[in-house]
Amino acid sequence: MWALRAAVRPGLRLPRPGRGRPAPRAAPQPPPPCPARALAAFGRWGPGSSEGPGSGGRGPRADSRGSRAGDDEEEPEDAEEEEEEEEEEEELLRRDLLVPAGTQRVCLVHPEVKWGPGKPQMTKAEWQVAEATALVHTLDGWSVVQTMVVSTKTPGSKLVFGKGNLQHLTDKIRGSPEVTSVRGRPSLGLVSKELEAAWGVEVFDRFTIVLHIFRCHARTREARLQVALAEVPLLRSHLRDGVAHLHRQGGGSRYIMGSGESFLQLQQRLLRDKEAKLRRALERLRKKRHVLRRQRTRREFPVVSVVGYTNCGKTTLIKALTGDAAMQPRDQLFATLDITAHAGSLPSRMTVLYVDTIGFLSELPHGLIQSFSATLEDVAHSDVIVHVRDVSHPETERQKASVLSALRGLQLPGRLLDTMVEVHNKVDLVPGYSPAEPSAVAVSALLGRGLQQLKAELEEAVLRATGRRVLTLRVRLAGAQLSWLHREATVQQVDVVPEDGVADVKVVISNAAYGKFQKLFPG
Ligand SMILES: Nc1nc2c(ncn2[C@@H]2O[C@H](COP(=O)(O)OP(=O)(O)OP(=O)(O)O)[C@@H](O)[C@H]2O)c(=O)[nH]1
Ligand SMILES: [Mg+2]
């Protein structure tokens, strides 16, 4: 979109602009393009014993390990066909590197809009810079070696900076041999090809960095395909810029071997093909996801999706709620990129599936969110959404607004948005914290504070959302009632009254199951 590494066709990069431009400075010791630490594994789902946490001996299987919603529970399918599909997908994933391999010492250039309609709401340049720095540091071996906040009145125009500021920046960057790349706000992109030429270093925008992080953190096939799809618009714009650049230099072949197709047209066609194949591959996975969802519905596990700004503590919270030791919260942005489900139990011993999701970030391009929308469908099909907020963050309000706006963009059912449970996390970092929103639950996921209250709130929300209720039923010990309840509901407690040959059974039961129970065992 804005960063200007030219990728003219899949696998091919344009020659660097030559005239008057020094070769880009090489970063030392190139490591693999995607940092190893980002590839650490999450817990795998394995169908557990029938005695899942809180199942109380109930039939459906659940354990406290994670299920990666997409890869691990796929429907059996024709092995040869699947192998072919996988090969095609791997081929699609092999190409197109938006960011060159290696470490980068980054100079952060942040255009600050001080007034006018372009002035960002509810934020300060320093926090935007802090977020940008955190993004860069998420990548192994990348560091921010300089930061420059430069005022601009015209962030959207072709010349973001005035002549004076631009010259100042050029002098600074050219005079800083340690800098290997520049990372700017999106608005830099309009001129970043020229900036690369002027500065002699790579210029990346925020979107490119985010995509690179996504690429490095994506583990499942689905997440990798989604990232590849999100990269397509960027590749398309690189293609246009690259060809325009060649033309300006008087180069660039017009037509390919009398095919009547220009170089640009051919490359655009290849990109279109690639995009179509990616969409098809994602659609295949989506169908499998539907099957999974149906299975989950049949098993009647309520699903609680945990959403929030990146790094707010979603994974830590689920780990605390489920005791899932395999989960790995990390102090980095976009640590979680694959949606996973983890079973846990509520006070009534009802089993729920917590779905860990990708964090949100402000100003994420629409295309990126769209390409993850298939994954986020799981959120739309959940029973309850938990919105986790990092209340220790100075920009917690802006983050909340950004998450809510992204959720609205996903067109979630209104009932889910209206019943969302808001969790204020990291209260251990804010002494004496008490939420301004009366319905919010304050917790420290890290220290395990406030979790009992949260579980109680979640139970209420789940019961309301799923039409379940907690009942105490008197059953005859001699009949099949008790075993039926064990099978079809969550039995919480059984108090036997031996002299009468009956038991009082406390259950969490869906309205549908209760209707069946009454029909099967009238009186
Ligand atoms: N002090 C404190 N730190 C916390 C708390 N909860 C999470 N953290 C830390 O915040 C960082 C991010 O935690 P994660 O659970 O990975 O956050 P996330 O929302 O899953 O992040 P992404 O998956 O990257 O979007 C980690 O370093 C956690 O240890 C808390 O209650 N208190
Ligand atoms: Mg996470």
Side-chain angles (χ1 to χ4, degrees), residues 35 37-43 66-69 130-131 133-140 209-220 223 226-227 304-342 344 354-362 364 368-369 372 375-376 378-379 385-396 399-400 402-403 406-407 422-433 435 440-454:
R37 83 163 179 222
L39 302 173
F42 278 100
S67 158
R68 194 165 291 119
E131 187 174 272
T133 307
L135 277 171
V136 169
H137 286 160
T138 294
L139 291 163
D140 258 1
I209 304 273
V210 169
L211 268 181
H212 190 56
I213 295 171
F214 273 32
R215 188 182 255 255
C216 293
H217 290 195
R219 300 194 56 250
T220 61
Q226 283 169 326
V227 175
V304 176
S305 287
V306 179
V307 305
Y309 207 80
T310 184
N311 209 45
C312 66
K314 300 176 289 299
T315 303
T316 310
L317 180 65
I318 296 178
K319 184 177 177 134
L321 289 169
T322 61
D324 187 342
M327 294 183 82
Q328 299 180 359
R330 270 168 291 159
D331 193 10
Q332 38 171 266
L333 307 188
F334 302 115
T336 304
L337 216 58
D338 296 305
I339 287 205
T340 53
H342 308 262
Y354 293 103
V355 175
D356 194 6
T357 63
I358 301 157
F360 292 103
L361 187 76
S362 64
L364 271 190
L368 186 60
I369 295 180
F372 277 82
T375 316
L376 291 166
D378 271 348
V379 177
I385 294 183
V386 171
H387 175 192
V388 183
R389 291 177 55 195
D390 173 358
V391 290
S392 73
H393 196 284
E395 289 214 288
T396 183
Q399 293 185 345
K400 173 177 176 173
S402 159
V403 170
L407 286 176
E422 186 168 317
V423 172
H424 291 190
N425 189 30
K426 306 200 186 180
V427 291
D428 55 299
L429 300 176
V430 191
Y433 183 81
V441 187
V443 305
S444 165
L446 193 65
L447 304 184
R449 284 197 218 145
L451 297 184
Q452 290 320 314
Q453 195 203 335
L454 175 58

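Atoms within each ligand, like the ligands themselves, are counted from 1 in listed order.
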(request) Would you mind reporting whether K400 and H387 have side-chain heavy atoms less than 4.5 Å apart? (result) yes
(request) With rounding to the nearest 0.5 Å, note down the distance linking OG1 in T315 to CG in D356. (result) 3.5 Å
(message) Regarding ligand 1, does T357 bring an N or O atom to under 3.5 Å of one of the ligand's N or O atoms?
(response) no
(message) Checking contacts here: is it the side chain or the backbone of L446 that comes within 4.0 Å of ligand 1, counting heavy atoms only? Could be both or neither.
(response) both
(request) Using a 4.0 Å heavy-atom threshold (strictly under), name the region of T316 that reaches ligand 1: side chain, backbone, both or neither. (result) both
(message) So if I count the atoms of ligand 1 from 1 in the order they appear, which ones are less than 4.0 Å from some heavy atom of D428?
(response) 1 (N), 2 (C), 30 (C), 31 (O), 32 (N)
(message) Is there a polar contact between ligand 1 and A445, counting only N or O atoms under 3.5 Å apart?
(response) yes
(message) Measuring from atom 6 (N) of ligand 1, which candidate in V427, N425, V306 has the nearest non-hydrogen atom?
(response) N425
(message) Quick check on contacts: which atoms of ligand 1 are under 4.0 angstrom from a heavy atom of G359?
(response) 25 (O)
(request) Using salt bridge (charged side-chain N to carboxylate O under 4.0 Å, His left out) as the criterion, list what pairs up with K319, not counting sequence neighbours. (result) none
(request) Go through V443 and V427 one step at a time and tell me if the side chain to side chain contact (heavy atoms under 4.5 Å, CB included) criterion holds. (result) CA-CA 6 Å; V443 305; V427 291; 5.6 Å; no
(message) Treating D324 as the side-chain partner and I318 as the backbone partner, does any N or O pair qualify as donor plus acceptor under 3.5 Å?
(response) no
(request) Before giving the answer on side chain to side chain contact (heavy atoms under 4.5 Å, CB included), spell out for V306 and T357 the whole-Å C-alpha distance, their side-chain angles and the decisive distance to 0.1 Å. (result) CA-CA 6 Å; V306 179; T357 63; 5.6 Å; no
(request) Just let me know how T310 lines up against ligand 1, side chain, backbone, both or neither, with a heavy-atom cut-off below 4.0 Å. (result) both
(request) Decide, counting backbone as well as side-chain atoms, whether N311 has an N, O or S atom less than 2.8 Å from the Mg ion (ligand 2). (result) no
(message) Check for me whether C312 has a heavy atom closer than 4.0 Å to any atom of ligand 1.
(response) yes
(message) Going by side chain to side chain contact (heavy atoms under 4.5 Å, CB included), Y354 matches just one of T322, V386, T340. Which one?
(response) T322
(message) Show the atoms of ligand 1 that are less than 4.0 angstrom away from any heavy atom in N311.
(response) 11 (C), 12 (C), 17 (O), 18 (P), 19 (O), 21 (O), 22 (P), 24 (O), 25 (O)
(message) Side chains of D390 and T396, heavy atoms from C-beta outward: is any pair under 4.5 Å?
(response) no
(request) Check each atom of ligand 1 against the heavy atoms of G313 and keep those under 4.0 Å away; list them by number with element. (result) 7 (C), 13 (O), 14 (P), 15 (O), 17 (O), 18 (P), 19 (O)
(request) Give the intermediate values and the outcome of side chain to side chain contact (heavy atoms under 4.5 Å, CB included) for residues F360 and T310. (result) CA-CA 5 Å; F360 292 103; T310 184; over 6 Å; no
(message) So, regarding D356 and ligand 1 (criterion: nitrogen or oxygen to nitrogen or oxygen, under 3.5 Å), is there a contact or not?
(response) no
(message) Please list, in number order, the atoms of ligand 1 under 4.0 Å from a heavy atom of L429.
(response) 1 (N)
